[in-house]
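Quick caveat, the model's predicted, so the values are computed rather than measured. Chain identifiers are assigned alphabetically (A, B, ...) following the order of the sequence lines, protein sequences preceding nucleic acid strands; residue numbering begins at 1 within each chain.
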There are 2 protein chains.
Amino acid sequence: MARYSQSEEDYLETLYLLQQENKVARVKDVAQALDVKMPSVVAAIRSLSEKGLVEQEKYGHIELTKEGIKVGKDVYKRHQLLYAFFHEVLGLDPEVSEEDACQMEHHLSPETRERLLRIVEYTRACKDDKVHFLKRFMYFVKTGEMPEPCSGCKKC
Amino acid sequence: MARYSQSEEDYLETLYLLQQENKVARVKDVAQALDVKMPSVVAAIRSLSEKGLVEQEKYGHIELTKEGIKVGKDVYKRHQLLYAFFHEVLGLDPEVSEEDACQMEHHLSPETRERLLRIVEYTRACKDDKVHFLKRFMYFVKTGEMPEPCSGCKKC
DNA sequence: TAACAATGTTAGTTGAGCCTAACATGGTTC
DNA sequence: GAACCATGTTAGGCTCAACTAACATTGTTA
């Protein structure tokens, strides 16, 4: 999978999400979603089209190619992962989590991505576990002090 | 503190680091550090100078102003924090940690920054604690399974 | 001190990605 | 079916941040 610019990734992600929701994406929708003007969308689509990522019929719908879907979906997955990490693990607001995910989704290496996924999974699993990482971490966030050892462990 | 572009932040951070090491920064050093050509540096310095962030004497040294130091240092602190998180908490290679920190340092909101700092602190504190988060997390990374409850807790 | 090498600067170009203004198309309504 | 409105497109311009080529300055060395 080739490398794409931040802007290109944003267009592909937006197109992917619009396709999921509406089945059709129009220039106007993309412009609204990305808060840019329609001519900017037209230029971006032309460029993506030349790279084989989207297909356009004049004055018609915009459709992602197979490759376009792959990239758009991948960006969105990175976004979701970052959001989950910020919101679920770090306990940040939905708004902040969303905003930072938007920015950072373009800069996530495969290695970091894998580890972030692990820590999200770990945190989720911990909720059913005796040693509840998130509880302990949030206690630390609030008080600045370490919780008692095994405070969350009913066995002790 | 006003907002600065990614490129501006990179120049200020580089100048800050060069000043820390050498006491003087020259156009050539900055160009090397950022892997750009000297005319690009000259243009960037002129722009930063107009914004009151650096001072230049023609054909001479480049110095950060008070404000420039503040911004450059702040960027570097964000970098260090991200590096620590990637390396110490997620257990990623120094190389990957460094590279991702470079990219993401420009997109870190104050809220996320605060929480990342907490999780790094928490992880560090855990090393002296009975319930060793990092050990447990790394066990999960390697095996895909949750460690035994309180496996790290000597009291149990 | 004259020449040369290293460094810094200026001028002009490029490409990405946005914009506005003007024009084109297509679907809805009288 | 003609007029109108929403949507799409083209043309042209702007800013940012890089580049090359050519020129200027400084400092070192014969």
Side-chain angles (χ1 to χ4, degrees), chain A residues 2-15 18-19 21-64 68 71-72 75 102-103 105-107, chain B residues 2-16 18-19 21-64 68 71-72 75 102-107:
Chain A
R3 291 207 56 118
Y4 301 102
S5 74
Q6 188 160 334
S7 166
E8 285 172 326
E9 285 194 350
D10 280 331
Y11 280 103
L12 292 170
E13 183 186 23
T14 298
L15 287 167
L18 285 172
Q19 275 197 4
E21 292 163 18
N22 299 349
K23 305 306 266 174
V24 256
R26 293 175 309 162
V27 171
K28 197 200 168 199
D29 302 327
V30 179
Q32 272 178 348
L34 287 173
D35 195 27
V36 296
K37 304 297 178 184
M38 289 203 295
S40 304
V41 176
V42 172
I45 296 303
R46 180 168 47 244
S47 165
L48 290 172
S49 162
E50 281 159 11
K51 294 177 182 173
L53 296 161
V54 307
E55 278 171 2
Q56 51 168 355
E57 4 172 347
K58 258 210 172 183
Y59 294 95
H61 306 320
I62 305 160
E63 283 185 33
L64 288 167
V71 178
V75 178
C102 271
Q103 295 298 313
E105 64 191 12
H106 309 294
H107 306 287
Chain B
R3 291 207 56 118
Y4 301 103
S5 74
Q6 190 160 334
S7 166
E8 286 171 326
E9 285 194 350
D10 280 332
Y11 280 103
L12 293 170
E13 184 186 21
T14 299
L15 286 168
Y16 174 75
L18 285 173
Q19 274 197 3
E21 292 163 19
N22 299 349
K23 307 304 268 175
V24 258
R26 293 175 310 162
V27 171
K28 197 201 169 199
D29 302 328
V30 178
Q32 272 178 347
L34 287 173
D35 194 27
V36 296
K37 305 296 178 186
M38 288 203 294
S40 305
V41 176
V42 172
I45 296 303
R46 178 167 48 242
S47 165
L48 290 172
S49 162
E50 282 159 10
K51 294 177 183 175
L53 295 160
V54 307
E55 279 170 4
Q56 51 169 352
E57 6 172 346
K58 258 209 169 184
Y59 293 97
H61 306 321
I62 306 161
E63 285 186 32
L64 288 166
V71 178
V75 177
C102 271
Q103 295 298 314
M104 296 198 187
E105 64 190 11
H106 308 294
H107 306 286

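Atoms CD and CD, on B:Gln103 and B:Glu105 in that order, are 8.5 Å from each other to the nearest 0.5 Å. The distance from the CD1 atom of A:Ile62 to the CD atom of A:Glu57 is 10.5 Å, given to the nearest 0.5 Å.
In terms of the side-chain hydrogen bond (donor to acceptor under 3.5 Å, both in side chains) criterion, A:Glu13 has no residue partners (sequence neighbours excluded). Applying the ring pair (Phe, Tyr, Trp, His ring centres under 6.0 Å) criterion to A:His107, with sequence neighbours excluded, gives B:His107. Partners of A:Glu9 under the side-chain contact (heavy atoms from CB on, under 4.5 Å) rule, at least two apart in sequence or in another chain, are A:Tyr4, A:Val75, A:Arg78, A:His106.
If you take CD of B:Gln32 and P of C:dA6, they are 13 Å apart, rounded to a whole angstrom.
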Protein and nucleotides 12-15 of chain C: nitrogen or oxygen contacts under 3.5 angstrom:
none

Side chains of residues 22-48 of chain A: which donor-acceptor pairs under 3.5 Å do they make with residues two or more places apart or in other chains?
residue	atom	partner	partner atom	Å
A:Asp29	OD2	A:Arg26	N	3.2

What string of B, S and - do you get for nucleotides 8-18 of chain D, 5' to 3', when a contact is any protein heavy atom under 4.0 Å?
BBB------SS
